[in-house]
Amino acid sequence: MSGNEEARFRLTWSPDGRKGSAAVTVTFAEDRSHTDTIQVTSSDRREVFLNQVVEVFPGIDEDELREKLEGVAAEVARIASNHSDDQDVSDDASTTQNQATIVVELAKDLELFHTPGAGSADSYVMIPVNDHDVVLGVKSSEFEQHLIRRFYLQHGKVPGAQAVKDGVAMLAAKARFDCDEREVHIRIAGHDGVIYWDLANEKGEVVRISKDGWRVVPSRGLPVRFLRKPGMLELSVPVEGGSLGEFGELANLENEEDRLLVFGFLVGSLNPNGPYLILRVEGEHGSGKSTVCKMVRALVDPAKPPLRSVPRSDRDLMIAASNAWVCGFDNISGLKQGMSDALCSLATGGGYATRALYANDEEMRFDATRPILVNGIDNVGDKPDFLDRSVTVVLPTIPPEKRESEANLWTRFDKLRPGLVGALCDALVQALSNQESVKLQGLPRMADAVLWVVAAEEALGCTRGR
């Protein structure tokens, strides 16, 4: 069943089987279309759909589209009335519309905002939790649950699923077009020469690091916004007095140069601006490669799982990078040229775009720069560009008399971790203080990353110029 009228666009529809609902498609220029299933008898939902179409097809006749949608709504209501004597579609639509309006009103005390990017901006909301704020995507399931709970506490009943969907769509549009633009960060952020390191704990605490020192502060009121992704784990609250040398002994880093390379990677990975070095950890079976990488990850960006297999595609890699600060890949036996190039791009700054929906020509865009950890037995990424961006550590096999259980090793590590995080904070203070005065004769590849690490070299346990 459809209404096909030739104009600058063509609108087709079919009943969805639910009261007042229909699958509506707007086709523009014969080969581009936008489809959605909407509560077409709801005027608010029709307006949301219209705004989505206008965004996809600028210049489309809005008045004509609005008129056609109203015609579809009347036809859907008539059909539903003919098939059900005991149901009133108009009343049902009114209930949905009222509930959706209430859902929108429930968020009037919350701060909405959107991220930069004309075609890739996302909508977010700040929710107060105890004495700190939590950032959620407006379209996330967590925010829907928050709204449902608020609705129930106020009205003693659960809102309809369509009403929640309509309300969220309206809030997302409001955040996108009517509210401020702000960036969101994962784990690390920089602002006005200050580094903010999210502890991701229940208190909402953040480490604030500047040239003058570091301290743990509440996240509320900070000039940066942190987004906590699924899998992120709590970082140990830093304490003073720790030494990275203790980590070198624990992590089977017997060679002094290997220690300095790992320490340099740790400090480099906490620079909010990038680019970032790739840490390649090689060694025979029984050398503790995976354990060292897990510990390095736990000192910067603890997550579950800490390491994963290499993604199958560029898209999977960028999704992983969008959900974590450090990207760690385990037990690599070889990298194909395409993935090697993608990892190089991720370390120095790169993006990826793919089609969002097969029904239209919108793009889904990912843009990230991330520190990368990889390990394997040998030849872990042997392409020239990959090697140019990497620091390589080769671990010796641990002799039987020095082996210990994983449980005991991690117990020792957990006792040292607050001091180690504190030592990294000290190194960042020094890097911020020295970065403008560092001079090198003959800059290497990855010069910006190297200059940052050199600015902190004395805090890493080596003499100036080492």
Side-chain angles (χ1 to χ4, degrees), residues 187-188 244 247-248 250-271 274-284 287-303 305-311 317 320-321 324-335 339-340 342-349 368-396 413 420-421 423-424 427-428 431 444-454 456-457 460-462:
R187 191 66 80 172
I188 297 291
L244 290 176
F247 176 66
L250 187 69
N252 193 31
L253 298 171
E254 295 184 353
N255 182 287
E256 182 188 4
E257 288 211 357
D258 287 344
R259 291 190 184 197
L260 293 180
L261 290 175
V262 172
F263 297 167
F265 173 83
L266 284 166
V267 173
S269 67
L270 293 166
N271 181 352
Y276 301 103
L277 299 167
I278 300 171
L279 178 60
R280 301 167 71 238
V281 181
E282 297 185 352
E284 296 296 330
S287 59
K289 300 181 298 297
S290 296
T291 300
V292 170
C293 288
K294 289 176 183 178
M295 288 180 174
V296 169
R297 176 80 189 267
L299 290 176
V300 176
D301 179 34
L307 305 174
R308 60 177 67 189
S309 57
V310 176
L317 174 64
W325 179 250
V326 175
C327 294
F329 304 111
D330 194 29
N331 198 25
I332 295 177
S333 57
L335 282 176
M339 183 51 61
S340 178
L343 288 170
C344 290
S345 179
L346 180 59
T348 55
T369 310
R370 296 287 187 264
I372 298 170
L373 282 165
V374 296
N375 73 68
I377 293 178
D378 56 19
N379 295 324
V380 182
D382 55 1
K383 307 296 187 294
D385 283 349
F386 192 88
L387 293 174
D388 281 346
R389 290 164 171 79
S390 302
V391 290
T392 303
V393 172
V394 181
L395 300 179
F413 174 76
L420 296 175
V421 175
L424 287 174
L428 292 176
R445 289 291 300 271
M446 301 293 288
D448 291 331
V450 172
L451 287 168
W452 176 261
V453 176
V454 171
E457 61 186 348
L460 302 181
C462 57

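- In this structure, CD1 in I278 is found 7.5 Å from OG in S340, a value given to the nearest 0.5 Å.
- When every heavy atom of A456 is checked against every heavy atom of A427, the shortest pair comes out as CB-O, 3.4 Å.
- Using a 4.5 Å heavy-atom threshold, the side chains of W452 and L428 count as touching.
- Here the side chains of V292 and V393 are not in contact, with every heavy-atom distance at 4.5 Å or above.
- In this structure the side chain of M446 reaches within 4.5 angstrom of the side chain of T348, judged on heavy atoms.
- Minimum heavy-atom separation, L460 to L244: CD2-CD1, 3.8 Å.
- Distance check: T392 OG1 to E257 CD gives 12.0 Å after rounding to the nearest 0.5 Å.
- Here the straight-line distance linking atom CZ of F413 with atom CG of L420 works out to 6.5 Å at 0.5 Å rounding.
- Looking at L250 and M295, their side chains come closer than 4.5 Å, going by heavy atoms from C-beta outward.
- Residues F329 and V380 form no side-chain contact, since every pair of their non-hydrogen atoms from C-beta on lies 4.5 Å or further apart.
- Without hydrogens or angle criteria, K289 side chain to E284 main chain gives a donor-acceptor distance under 3.5 Å.
- Between I372 and V374, the shortest heavy-atom distance links the atoms CG2-CG1, 4.0 Å.
- Separation of atoms CG (L424) and OG (S269) is listed at 7.5 Å; rounding is to 0.5 Å.
- Contact between L266 and V296 at its shortest, heavy atoms only, is CD2-CG1, 3.6 Å.
- The two residues L317 and M339 have their closest heavy-atom pair at CD2-SD, 4.0 Å.
- A donor-acceptor contact shorter than 3.5 Å is absent between the side chain of R445 and the backbone of D385.
- Using a 4.5 Å heavy-atom cutoff, the side chains of S290 and N331 are not in contact.
- Once rounded to the nearest 0.5 Å, the distance linking SG of C327 with CZ of R308 reads 7.5 Å.
- R280 places a side-chain heavy atom less than 4.5 Å from the side chain of L387.
- Side-chain N or O atoms of N252 include one that pairs as donor or acceptor with a backbone N or O of P396 at under 3.5 Å.
- Across all non-hydrogen atoms, the minimal contact from T369 to P275 is CG2-CA, 4.4 Å.
- Ring geometry, F263 versus F247: the interplanar angle falls from 30° to 60°, so the pair is classed tilted.
- Put simply, the side chain of R370 gets close to the backbone of A324: a donor and an acceptor are under 3.5 Å apart.
- Applying side chain to side chain contact (heavy atoms under 4.5 Å, CB included) to V450 and the options D448, V454, V453 leaves one that passes, V454.
- Taking CG of L261 as the reference point, atom CG of L253 lies at 9.5 Å (rounded to 0.5 Å).
- Inter-residue side-chain proximity for P371 and R297 is flagged as unmet; no heavy-atom pair is nearer than 4.5 Å.
- Between the Y276 side chain and the L346 main chain, no donor and acceptor come within less than 3.5 Å of each other.
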